[in-house]
Colleague: 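Once you've had a glance at the structure underneath, I'll fire off some questions.
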Amino acid sequence: VLAEAFAAGTPTVVSDVGPLAGIVGASGVTFRAGSEDSLLAVVRGLWGDTAKLKILANEARLAFTRKYNEDSNYTDLMAIYNEAIARVSR
C-alpha cells in the first residue's frame, strides 16, 4: 500500500511500531502506536497545512521514483534468486 501511496504522491501517516516509519521517512508522518490522541494530533496538524502536505507529497513521489523503479526492482529480484540458488546449493 505504501508503494501505491508514494506513486500517487500521497502523504502517509503510520505508527511508530515496526518498519513502516523507516520506510516512510520524509514522505510521511508517524504517530505513537496505540495512542488515539497522537494519531488525532498528527492528522489535525496536517489537515490545514497545505504547504506541509505539498512537501510530503513531493517527497512521496521522489521516494517512489528512487525505490520502486525498474533497476531497483531488478536488483532486488536478482538478490532473491541468488539467495534461493545459494540455499539449494548447500
Colleague: Please set out all donor-acceptor pairs under 3.5 angstrom arising from side-chain atoms of residues 47-56, sequence neighbours excluded.
Modeller:
residue : atom : partner : partner atom : Å
Asp49   : OD1  : Lys52   : N            : 3.0

Colleague: What pairs meet the salt bridge (charged side-chain N to carboxylate O under 4.0 Å, His left out) rule with one or both residues in residues 64-74, with sequence neighbours excluded?
Modeller: none
Colleague: Apply side-chain hydrogen bond (donor to acceptor under 3.5 Å, both in side chains) to Ser35 and list each qualifying residue two or more places apart in sequence or on a separate chain.
Modeller: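 Result, side-chain hydrogen bond (donor to acceptor under 3.5 Å, both in side chains) vs Ser35: Arg32.
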Colleague: Under the criterion side chain to side chain contact (heavy atoms under 4.5 Å, CB included), I'd like the reasoning laid out for Asn73 against Leu77: C-alpha separation, chi angles, the key distance, then a yes or no.
Modeller: CA-CA 6 Å; Asn73 288 338; Leu77 183 59; over 6 Å; no
Colleague: Nearest 0.5 Å please: distance from the CG atom of Leu39 over to the CZ atom of Arg44.
Modeller: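 Going from CG on Leu39 over to CZ on Arg44, the span is 10.5 Å.
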Colleague: Could you list all the ring pair (Phe, Tyr, Trp, His ring centres under 6.0 Å) pairs where at least one residue sits in residues 66-90, not counting sequence neighbours?
Modeller: Phe64-Tyr68
Colleague: Without placing hydrogens or testing angles, list every side-chain donor-acceptor pair under 3.5 Å for residues 14-30, not counting sequence neighbours.
Modeller:
residue : atom : partner : partner atom : Å
Ser15   : OG   : Val17   : N            : 3.4
Asp16   : OD1  : Ala33   : N            : 3.0
Ser27   : OG   : Val24   : O            : 2.6

Colleague: Check the hydrophobic clustering (I, L, V, M, F, W, Y; side-chain heavy atoms under 4.5 Å; chains of links allowed) and say if Val43 and Phe31 are grouped together.
Modeller: yes
Colleague: With sequence neighbours left out, write down each residue that passes salt bridge (charged side-chain N to carboxylate O under 4.0 Å, His left out) with Arg87, or none if nothing qualifies.
Modeller: Glu83
